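Encoded as structure tokens, the structure appears first; notes follow it.
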Amino acid sequence: MAFEIVASCVSCTACESVCPNDAITDQKVQFAIDPDLCTECAESFPDPQCASICPIEGAIVDSVGEPLNPPGSLTGIIVGVAA
Amino acid sequence: MKLPVLNNTIATSEAGGCASGSCGSSDASVQNLPESIRAKVADHPCFSEQAHHFFARMHVAVAPACNIQCNYCNRKYDCSNESRPGVVSEVLTPQQAVKKVKAVAAAIPQMSVLGIAGPGDPLANPQKTFETFRRLSAETPDIKLCVSTNGLTLPECVDELCQHNIDHVTVTINCVDPEIGAKIYPWIFWKNKRIRGVEAASILIEQQQKGLQMLIDRGILVKVNSVLIPGINDQHLIEVSRIVKEKGAFLHNVMPIISEPEHGTYFGLTGQAEPTAAELQAVQDACAGDMNMMRHCRQCRADAVGLLGEDRGAEFTLDKIEAMDIDYEAAMVKRAEVHDQLLEQLYAQRESASKPVIRVQGRAVLMAVATKGGGVINQHFGHATEFLVYEASRDGVRFIGHRQVAKPYCEGNSNCGDEAENLLDTLLKALQGCEVLLCSKVGYEPWSALEQAGIQPNGEHAMEPIEDAILAVYQEMLTKGLLQLPDAVDLKSA
Ligand code: SF4
Ligand code: SF4
Ligand code: SF4
């Protein structure tokens, strides 16, 4: 059970500072979640912390690759327009 | 016949404050501030427009994370509350930041203020921000420290802030009404959840107001920034101004939203209008009625270095700092000397600016000035990326604000030419409303373009103090009969 950070990450460090399991680190190009440490916050918080503070839609995905913050969910702007 | 420099008498004789007619902090409400605060404001490079010409400031980018979203910000870039949008700063560790501050302060002895303003929200990165402050308080005790924040976690940070050498805190407050806030802030991260809409805005507003009060109660200077968003908070900012002043903020700085689509912000993509220079001035004037207004803020950038509009950041990259051989002790001694000299110059300029007050009649004129600092006209038109705009009227001279362009008309000598046409258009647009341009020199081509656009270039006052030159030009226009008042009624009331 783990989430993943993908290429759209802007390395703002916000998720790193809120992860209760220190699962997130700066991998220079982007941030990364250590799948062995990430618990999807299950035991700690009702919402996954990284995905609750991340400002970038689509930057954090679940184990099947679905974005936790889908397009339009943070900005109200639907892709295509925003791109 | 001499024109008065506005507020000059108040500032020198009563408030002990900044005597520059252009200073945003010399109006009557400064007098209500405690003596200690007045003294701080008078020579402060950030608050006294005049001191701004003499001292340098820098920002270090140690705080990348943010805990809210503003619709005028794209987090690919630096915090738009404190930086010009679309800028990406090199994020430093606290250790690197301390090193950079010491290097810059050694190379630029005018350095007197260090701020942490991003690239995210400094108080959303409390460990990094406070470690930097802790170390600088100890290692460069002569440098003033400041921090800016969106205010969300301000209340819980106040205790820690009080422990450092913090000179002032800037809180960005765009609204006091959650309904308006919901149009500006789509979400906040609060108590381990992402909260949206009116609820989010209510929490943010409550935290900002609470934090503001706590800082005031502990005697820390608080400046409030507001981003003017036409159609959303333009009228509302007058109320914001009233409320933050009642609480005890000593300056309110209204800056224009920048919403260019290429920055990819919500407001940029949805076509939110930017205020015109006149709209901005109208709101600033309306707020100034009950609040000190700061007009010289230039939305520099989270890692800006230098004096006035300049940015010498490129001279202080980590590699270059590494290669520098610095005697920090000697640098601090030198700094103390230079600061004393600058204060002397600043006071001398104030003295000479004390003109007898004789009212003359004529309409108000906006004049743009190209300067590299020192309070004098000393920049070539072709090298300026920033113009200071002053209003001259029968009441004297007052500073209105900045007009900026991304590129100077000629960068070196290499690209004076083809590209120049476009640059000139941008410049003319930026200078709209101004009737005079004062600079040290203007080239032949821009000269005629400026004239055609109704802006009279003037290089006759090079190296003269800005306000003196503006008064002289105003006087000259008056003599030439260029400043007829619109009607007789106005004349009588003069
Ligand atoms: S879901 Fe929770 S545990 Fe997993 S990386 Fe995000 S914050 Fe850390
Ligand atoms: S919060 Fe989002 S954008 Fe910021 S570092 Fe984490 S994954 Fe990247
Ligand atoms: S507080 Fe600053 S960094 Fe955060 S969203 Fe607003 S403008 Fe951007």
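Note that these values count all heavy atoms, side chains included, but never hydrogens, waters or copies made by symmetry. Only a predicted model underlies this, so the values are computations on that prediction, with no experimental measurement involved. Chain identifiers are assigned alphabetically (A, B, ...) following the order of the sequence lines, protein sequences preceding nucleic acid strands; residue numbering begins at 1 within each chain.
Few gaps surround CD on B:Q163; more than 12 heavy atoms of other groups in view lie less than 6.0 Å from it. Other residues, nucleotides and ligands contribute at most 12 non-hydrogen atoms within 6.0 Å of the CD atom of B:E206.
Sorted by first then second residue, the salt bridge (Lys or Arg N to Asp or Glu O under 4.0 Å) pairs that include residues 7-34 of chain A, not counting sequence neighbours, number zero. Residue pairs meeting the salt bridge (Lys or Arg N to Asp or Glu O under 4.0 Å) criterion with at least one partner in residues 121-131 of chain B, sequence neighbours excluded, do not occur; the list is empty.
Of residues 178-194 of chain B, those residues lying under 4.5 Å from chain A by any heavy-atom pair are B:P186, B:W187, B:F189, B:N192, B:K193, B:R194. Listed in order of number, the residues of residues 41-62 of chain A that approach chain B to under 4.5 Å between heavy atoms are A:F45, A:P46, A:D47, A:Q49, A:A51, A:S52, A:I53, A:C54, A:P55.
Interatomic distance, SG of A:C12 versus CG of B:D78, reported as 12.0 Å (0.5 Å rounding).
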**Study point:** Test side chain to side chain contact (heavy atoms under 4.5 Å, CB included) applied to A:L74 and B:R75, step by step
**Key:** CA-CA 12 Å; A:L74 300 183; B:R75 292 313 331 280; over 6 Å; no
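When all heavy atoms of B:C66 and A:A14 are compared, the pair lying nearest together is O-CB, 4.1 Å.
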